[in-house]
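FYI, the numbering just counts along the sequence from 1.
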Amino acid sequence: MRKDEERIYNSPNIVNLCIDSYDMEKQCGRLYHQYRENPLPFSSLFEAFKRMDELYDDLRYPESTTQTRSFLEKPRESGSRRLREEQEWLAELQRRGRRQVRQKVSFDSVTGQRGRDATFIVRVQYRQHSSWQGEVTWIDGKEKGWFGSVLELMEWVEGIMVYRSRKLYP
């Protein structure tokens, strides 16, 4: 492996998506990443992607260019007290985030896991325009694809799973 490839494949934003079962509607399986010793189970791609997004939020990498809005938040106060409270809150988030997100397992042990039906290595490079951009590699079929949105990633994974379920790939 070349040095530049090694750098790419040892980045913290790589997730191993192991799909253990597929019933033409839902993909069930496990997510592996370097920041958790045990896999994260999921019962749909939506759930898997939600967990991945939470991981990226905790890592703050790749940094999201948009923030989720909520009508449930308290209205902002005016004046310097509000600014001081926001700065304290941000400092606490940064302290908490750094403690929570520590590498726990090696990169090789993450990428060495396999799903019963399919295995995908997903590397989200950017989180822009309220979506993801990056690359995905289907380990079993040795194919690589690029996606410009979460929907494209979902379609790519779903397409591979349909392809496999129709026995077009051994």
Side-chain angles (χ1 to χ4, degrees), residues 1-23 25-68 93-94 96-165 169:
M1 182 182 305
R2 293 185 344 228
K3 281 286 185 198
D4 58 335
E5 289 175 346
E6 184 177 307
R7 187 172 356 115
I8 289 171
Y9 289 103
N10 279 307
S11 61
N13 54 334
I14 291 193
V15 173
N16 187 351
L17 180 69
C18 296
I19 298 179
D20 294 327
S21 67
Y22 173 70
D23 65 0
E25 286 185 25
K26 289 183 4 179
Q27 303 81 3
C28 297
R30 301 158 281 130
L31 281 176
Y32 291 89
H33 57 81
Q34 292 178 288
Y35 301 93
R36 187 176 168 108
E37 292 178 34
N38 300 319
L40 292 168
F42 61 88
S43 57
S44 70
L45 277 182
F46 291 113
E47 184 180 354
F49 292 163
K50 181 178 186 254
R51 289 178 178 245
M52 288 170 64
D53 203 42
E54 290 168 355
L55 168 69
Y56 300 140
D57 284 342
D58 288 345
L59 287 172
R60 289 185 212 92
Y61 183 77
E63 186 69 40
S64 180
T65 59
T66 57
Q67 292 181 350
T68 305
L93 277 181
Q94 288 176 343
R96 219 173 349 133
R98 287 194 181 115
R99 278 195 308 260
Q100 290 175 345
V101 185
R102 286 203 175 131
Q103 186 173 334
K104 298 188 186 295
V105 294
S106 71
F107 180 78
D108 292 334
S109 67
V110 168
T111 56
Q113 302 295 328
R114 295 291 177 263
R116 280 176 272 180
D117 282 355
T119 305
F120 301 93
I121 303 295
V122 180
R123 181 171 71 107
V124 175
Q125 293 175 276
Y126 309 104
R127 292 194 302 161
Q128 297 175 342
H129 312 292
S130 299
S131 197
W132 298 348
Q133 298 80 36
E135 67 181 80
V136 58
T137 303
W138 177 31
I139 299 298
D140 312 313
K142 297 182 175 89
E143 288 186 35
K144 183 186 269 191
W146 288 266
F147 55 91
S149 68
V150 176
L151 181 60
E152 286 179 18
L153 173 60
M154 190 173 291
E155 287 173 343
W156 202 86
V157 170
E158 179 76 16
I160 296 292
M161 297 309 298
V162 168
Y163 182 70
R164 288 204 35 117
S165 68
Y169 180 80

Note to self: Between Ile19 and Val157, is there a side-chain heavy-atom distance shorter than 4.5 Å?
What the structure shows: yes
Notebook entry, point to check: Closest heavy-atom contact between Thr65 and Gln128?
Noted result: OG1-CA, 3.3 Å
Item checked: Pair listing, salt bridge (charged side-chain N to carboxylate O under 4.0 Å, His left out) test, anchored in residues 30-39, at least two apart -> Asp20-Arg30
Margin query: Tell me whether the count of non-hydrogen atoms from other residues, nucleotides or ligands lying under 6.0 Å of CZ in Arg114 goes above 12.
Written below: yes
Notebook entry, point to check: Less than 4.5 Å apart, any side-chain heavy atom of Phe49 and any of Leu153?
Noted result: yes
Item checked: Passing candidate, ring-ring contact (aromatic ring centres under 6.0 Å, His included) with Trp132, options Tyr126, Trp156, Tyr56 -> Tyr56
Item checked: Straight-line distance of Ile121 CD1 to Lys144 NZ, nearest 0.5 Å -> 11.0 Å
Notebook entry, point to check: Taking C-beta and beyond as the side chain, do His33 and Leu40 meet within less than 4.5 Å on heavy atoms?
Noted result: yes
Check: Is the closest side-chain heavy-atom distance between Gln103 and Tyr35 below 4.5 Å?
Finding: yes
Next item on the list: Please report the shortest heavy-atom distance between Ser106 and Gln34, naming the atom on each side.
Entry: C-NE2, 4.0 Å
Check: For Gln133 and Glu152, what are the C-alpha separation, side-chain angles and deciding distance, and is it a side-chain hydrogen bond (donor to acceptor under 3.5 Å, both in side chains)?
Finding: CA-CA 9 Å; Gln133 298 80 36; Glu152 286 179 18; over 6 Å; no
Next item on the list: Please examine the side chains of Val162 and Glu158, heavy atoms only from C-beta on, and report whether any two atoms are closer than 4.5 Å.
Entry: yes
Next item on the list: Could you pull out the closest heavy-atom pair between Leu31 and Ala48, with the gap in Å?
Entry: CD1-O, 3.5 Å
Note to self: For a 4.5 angstrom cut-off between non-hydrogen side-chain atoms, does Trp138 reach Asp140?
What the structure shows: yes
Notebook entry, point to check: Taking only residues two or more places apart in sequence, or in another chain, which ones meet Phe147 in a ring pair (Phe, Tyr, Trp, His ring centres under 6.0 Å)?
Noted result: none
